[in-house]
Amino acid sequence: MTQEQLSSIILPKHIGIIMDGNGRWATRRGLERSEGHKAGANAFRRICDYGADLGIEYMTFYAFSTENWRRPPKEVAAIMKLFRDYLEEANEREKENESRGLRFHLIGERKGLPSDIISRLDTLEKNSADKKVMTVNLAINYGGRDEIVHAFRELARKAKNGAVNPDKITEEDIADNLFTAGQPDPDLIIRPSGEYRLSNFMTWQSAYSEFWFSDILWPDFTTDDLDRAILDYCHRNRRFGGV
Ligand code: IPE
Ligand code: IPE
Ligand code: MG
């Protein structure tokens with residue numbers, strides 16, 4: 001995006017990306033699916049840094065859903081190894097003070113993830129907590145419905161001990177008990193790979209999101225594609241039920 005374009009638009013505050021199409025990318029090249037995930041992880045690095053350069057405040061990357069455990073153990077293990085490698089690298093960048101000012105936040109169930117990944121995530125969240133350029137939500141072991149169940153349990157507990165009046169529960173109370181508490185809803189949700197569904201991504205938060213679909217497979221997703229999505233978004237007329 002040129003400086004001129006950038007200064008003439010209002011950027012989305014929060015962009016969500018469903019990083020889909022890794023497996024097909026690999027299969028089309030006669031490679032193992034795990035190679036597609038590796039290429040997808042590099043696309044994530046590229047797009048995440050570019051989002052921060054543009055001045056996006058929040059980006060959410062859907063990396064592993066609560067349903068993705070249904071995949072063959074070998075594929076799940078390959079994906080977990082990529083998380084391990086990335087988290088190691090991001091923690092190293094924090095330590096060396098080479099981060100681009102990214103504040104990392106896990107959205108997803110810690111329970112169920114390998115313990116060494118949880119501890120790497122905890123370290124990264126802790127060490128990047130004061131960073132201000134962009135918040136990066138890593139949606140790992142994430143499900144939109146699971147997140148809502150989580151919020152229900154939290155509110156039910158509070159109702160039981162008297163901290164919450166069930167008749168007074170508001171939309172804000174629910175939002176405050178999601179993994180994204182305190183963050184704005186995604187303005188723009190991007191799904192590549194030619195699928196037209198959310199696959200359990202940000203079920204609550206996407207009520208008024210704008211969607212951008214494309215046939216590009218995630219490993220091929222470029223900074224120009226992100227520009228295109230953002231520029232399209234800028235021409236949408238968001239009415240939120242008004243006129
Ligand atoms: C997305 O790519 C990565 C994960 C869901 C972990 P896929 O692995 O779903 O790629 P396709 O959809 O099979 O091409
Ligand atoms: C959605 O992709 C989940 C992630 C990208 C992490 P899937 O490939 O799992 O979605 P479906 O199964 O095609 O709906
Ligand atoms: Mg897929």
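Since the structure is predicted, the reported quantities are computational estimates derived from the model, not experimental observations. Just so you know, ligand 1 is whichever comes first in the structure, and atom 1 is the first atom listed for that ligand.
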Would you say [Y] and [X] are linked by a side-chain donor-acceptor pair, where the criterion is simply a distance under 3.5 Å?
{"X": "Asp185", "Y": "Trp204", "value": "no"}
{"X": "Asn22", "Y": "His37", "value": "yes"}
{"X": "Asn68", "Y": "Ser65", "value": "yes"}
{"X": "Glu57", "Y": "Thr135", "value": "no"}

Would you indicate whether the side-chain heavy atoms of Ile189 and Trp212 approach each other to under 4.5 Å?
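When only atoms from C-beta onward are counted, Ile189 and Trp212 do not touch, as no gap falls below 4.5 Å.
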Going by side chain to side chain contact (heavy atoms under 4.5 Å, CB included), Ile117 matches just one of Lys81, Met80, Arg110. Which one?
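When side chain to side chain contact (heavy atoms under 4.5 Å, CB included) is applied between Ile117 and each of Lys81, Met80, Arg110, only Met80 qualifies.
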Whether Arg28 side chain and Gly23 backbone form a donor-acceptor pair below 3.5 Å
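Such a contact is absent between Arg28 side chain and Gly23 backbone.
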Please name the residue in the list Gln183, His14, Glu147 that meets the side-chain hydrogen bond (donor to acceptor under 3.5 Å, both in side chains) test with Gln205.
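Looking at Gln183, His14, Glu147, the match for Gln205 under the side-chain hydrogen bond (donor to acceptor under 3.5 Å, both in side chains) is Glu147.
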For the Mg ion (ligand 3), report each protein N, O or S atom nearer than 2.8 Å, sorted by chain and then by residue number.
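Listed by chain and number, the atoms are Asp20 OD1.
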Neighbouring residues of ligand 2, heavy-atom cut-off under 4.0 Å:
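Shell around ligand 2 (4.0 Å, heavy atoms): Ile18, Met19, Asp20, Tyr62, Ala63, Phe64, Asn68, Arg71, Arg191, Arg197, Ser199.
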Counting only heavy atoms not in Glu32, do more than 12 sit closer than 6.0 Å to its CD atom?
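Not buried by this count: 12 neighbours or fewer within 6.0 Å.
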